[in-house]
Structure formats: C-alpha cells, structure tokens
Amino acid sequence: MRVVVDWDGTVTVRDSLVQVIHEFGDPALLAELEPRVGVDLTLHEEIALEFAAITAPLEEVVAWVIEHVEVRPGLHELAAHEPTVISAGFHELIEPVLAREGVELEVFANRVHAGPDGWRVRFRDETACATCGEPCKRGGLAGEPYVYVGDGYSDRCAALAADRVFARDSLATHLDRLGVAYERFGDLGDVVAAL
Ligand SMILES: [Mg+2]
Ligand SMILES: [Zn+2]
C-alpha cells in the first residue's frame, strides 16, 4: 500500500519550521498565532504570517537547516517503501535535507519566495477541504488507499482517511480523543518494522 509520511516532527526529530522561526523569525509571533489555528486562523494563514516575518536570504536559511535539522533513525529503511512526503512546509527546506541524507523521495509541499521584505509562501493547494473546512493534506491523497505516518495538526484530516495510521505526539493525542485506532511510533524504524 502507498505510504505517506509527514515531514516536520515525523521524519525530522524537531519541527524544522519552528526551528527556522526561532533562528530567523519572530518566536513571539509563533507563540501568539499557533494556539489560534483551528480557532480563527487556518494553518496556511499561520504559516504565511510567520514566514512573512523572515527576511534572511534563502541560501543562509538552507545552510542552517542542512547543519541543524536532524532526521529520525530509519529514514533509509523507510525510503525502500518509496513513501510520499507530504508537508505544510517548503520544498526549498525539505529537499536539501533529503539530499544530505542521500535519499530521493516524492515530495508534496509548498514553495516560498524569499524576498528581503519577508518570505512569501505559495501554497500547493488552497482548496478548502470538504471534511475539515480548511486547505489540508487529505485532498492531495484522494483516490488510492494509503498508510499515513504523522505527528501533528496538519496530519489530522489526512490520517482519518487512511487505511492505517502511525502516530506520535499531538496527532496521537488527537486520535486518542476521537477513539480512532493507530499504531504509535518512536522512530521511523518502528514504522518499517510494522509495515
Ligand atoms: Mg508534523
Ligand atoms: Zn481536511
């Protein structure tokens, strides 16, 4: 079955968007906006506002990301299953980490234009999802059964449409609350062992 995996906090040990905001952006804005997602902001609106506060050149941020963003053990073994990476983040910050790891995967993600007056996000899909009401990962995955691997808010709706779910962190808490079955994972080796 097709395997679909989130990037930040799932493939990576920590959320690389949050790391980049702490290093180059405005962490106070993150603290203010994050609790409002799903209340009066969509995830896309949050991301657009947080990255508009970043003015560093893309090359500088990419170099920092290559040096600091860690991936979970088991990525190479998972790559043998040819998973699709689906991310609310950016091709520009995901692909250099995959290249560093020597792994080539299909990536569904957004793009950024890093201007000196703030980064502008170009979202892959801005269609509001019929199920959750905001642009989400579910629409891009429709049509074929899949296994979903994720950790956070951006994974909720797509995980509920999956045939099998591997979850950790706030996605696991969310599924617990809904009484939806999933398999808990620590690193990506756990997922590979169970597949
Ligand atoms: Mg995540
Ligand atoms: Zn949705």
Side-chain angles (χ1 to χ4, degrees), residues 5-75 78 85-101 103 105 107-126 134-137 149-159 166-174 184-188:
V5 60
D6 168 56
W7 180 254
D8 285 294
T10 299
V11 172
T12 70
V13 175
R14 292 195 284 153
D15 187 318
S16 69
L17 298 182
V18 169
Q19 287 182 284
V20 164
I21 290 165
H22 276 269
E23 188 66 22
F24 297 99
D26 180 357
L29 196 58
L30 175 69
E32 183 205 323
L33 300 180
E34 199 177 41
R36 290 173 51 192
V37 173
V39 183
D40 68 337
L41 283 182
T42 65
L43 182 65
H44 282 193
E45 288 166 339
E46 181 205 8
I47 291 171
L49 289 166
E50 287 163 355
F51 281 83
I54 295 184
T55 55
L58 182 63
E59 312 78 66
E60 191 185 330
V61 177
V62 166
W64 190 92
V65 161
I66 291 170
E67 192 179 342
H68 292 94
V69 173
E70 274 179 83
V71 299
R72 292 189 193 282
L75 176 61
L78 183 65
V85 172
I86 190 161
S87 176
F90 315 122
H91 283 276
E92 290 83 350
L93 302 183
I94 294 170
E95 270 148 17
V97 176
L98 287 174
R100 182 196 71 196
E101 298 297 320
V103 170
L105 299 177
V107 178
F108 292 172
N110 303 312
R111 295 195 178 273
V112 281
H113 173 75
D117 54 345
W119 287 21
R120 255 196 336 277
V121 181
R122 283 184 292 139
F123 290 100
R124 180 178 60 87
D125 183 2
E126 303 216 69
E134 61 174 286
C136 89
K137 294 177 176 178
V149 189
D151 77 306
Y153 182 89
S154 73
D155 305 312
R156 289 180 175 188
C157 194
F166 291 88
R168 53 177 291 124
D169 292 339
S170 77
L171 177 63
T173 310
H174 179 71
R184 194 174 282 272
F185 72 100
D187 64 39
L188 299 171

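This is a predicted model, so every value here is computed, not measured. Numbers here are sequence positions counted from 1.
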Original post:
Passes side-chain contact (heavy atoms from CB on, under 4.5 Å), V107 versus S87? Steps please.
Top reply: CA-CA 8 Å; V107 178; S87 176; 5.6 Å; no
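- Between D187 and P73, the shortest heavy-atom contact is CB-O, 3.6 Å.
- Interatomic distance, CG of L78 versus CZ of F166, reported as 9.5 Å (0.5 Å rounding).
- Looking only at side-chain heavy atoms (C-beta outward), V97 and W7 come within less than 4.5 Å of each other.
- With hydrogens and angles ignored, the 3.5 Å screen pairs no side-chain donor or acceptor of K137 with any backbone N or O of C157.
- Contact annotation: the side chain of D117 never approaches that of T55 to less than 4.5 Å [non-hydrogen atoms, C-beta and beyond].
- For W64 (side chain) and F24 (main-chain N/O), no donor-acceptor pair under 3.5 Å exists by modelled atom type.
- Scanning both residues, W119 and A114, for their nearest heavy atoms gives NE1-CB, 3.3 Å.
- Side-chain N or O atoms of R122 include none that pairs as donor or acceptor with a backbone N or O of R111 at under 3.5 Å.
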**OP:** Carefully, step by step, assess L75 and E101 under the rule side-chain contact (heavy atoms from CB on, under 4.5 Å).
**Re:** CA-CA 9 Å; L75 176 61; E101 298 297 320; 4.1 Å; yes
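- Atom CD of E126 is separated from atom NE2 of H44 by 7.0 Å, given to the nearest 0.5 angstrom.
- To the nearest 0.5 angstrom, L43 atom CG is 10.5 Å from R156 atom CZ.
- For the atom pair H174 NE2 and D151 CG, the distance stands at 13.0 Å (nearest 0.5 Å).
- R14 CZ: 12 or fewer foreign heavy atoms inside a 6.0 Å radius.
- I86 is listed as a side-chain neighbour of R124, based on a closest heavy-atom distance under 4.5 Å.
- One finds the CZ atom of F108 at 10.5 Å from the CG atom of D125 (value rounded to the nearest 0.5 Å).
- Counting heavy atoms of neighbouring residues, nucleotides and ligands inside a 6.0 Å radius, atom CD of E60 exceeds 12 of them.
- For the pair R100 (side chain) and V69 (backbone), a donor-acceptor distance under 3.5 Å is present.
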Subject >> side-chain contact (heavy atoms from CB on, under 4.5 Å) evaluation trace for R120 with V112 >> reply: CA-CA 6 Å; R120 255 196 336 277; V112 281; over 6 Å; no
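- The aromatic rings of F51 and F90 stand perpendicular to each other, their planes meeting at an angle above 60°, with 30° marking the opposite boundary.
- Here the closest heavy-atom approach between residue V121 and residue N110 is recorded as CG1-CB, 4.2 Å.
- Each salt bridge (charged side-chain N to carboxylate O under 4.0 Å, His left out) pair with one or both residues in residues 38-57, not counting sequence neighbours, appears once here: R36-D40.
- The distance from atom CG of D8 to atom CG of D15, rounded to the nearest 0.5 Å, is 4.0 Å.
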**OP:** Could you go through the side-chain contact (heavy atoms from CB on, under 4.5 Å) check for V20 and I54 one step at a time?
**Re:** CA-CA 9 Å; V20 164; I54 295 184; 3.8 Å; yes
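- With contacts defined as side-chain heavy-atom distances shorter than 4.5 Å, the pair L171/Y153 does not qualify.
- Under the 4.5 Å side-chain criterion, counting only non-hydrogen atoms from C-beta, V11 is not in contact with D6.
- Smallest separation of non-hydrogen atoms from P35 and L30: CD-O, 4.3 Å.
- Counting only distance, with no hydrogens or angles, the side chain of T173 and the backbone of D169 share a donor-acceptor pair below 3.5 Å.
- Here the shortest heavy-atom pairing between A56 and V61 reads CB-CG2, 3.8 Å.
- Within the 4.5 Å cutoff, the side chain of V103 has heavy atoms near those of the L105 side chain.
- Shown here for G74 and L188, the closest heavy-atom pair between the two residues is C-CB, 3.8 Å.
- D26 places no side-chain N or O within 3.5 Å of a backbone atom of A53 that could act as its donor or acceptor partner.
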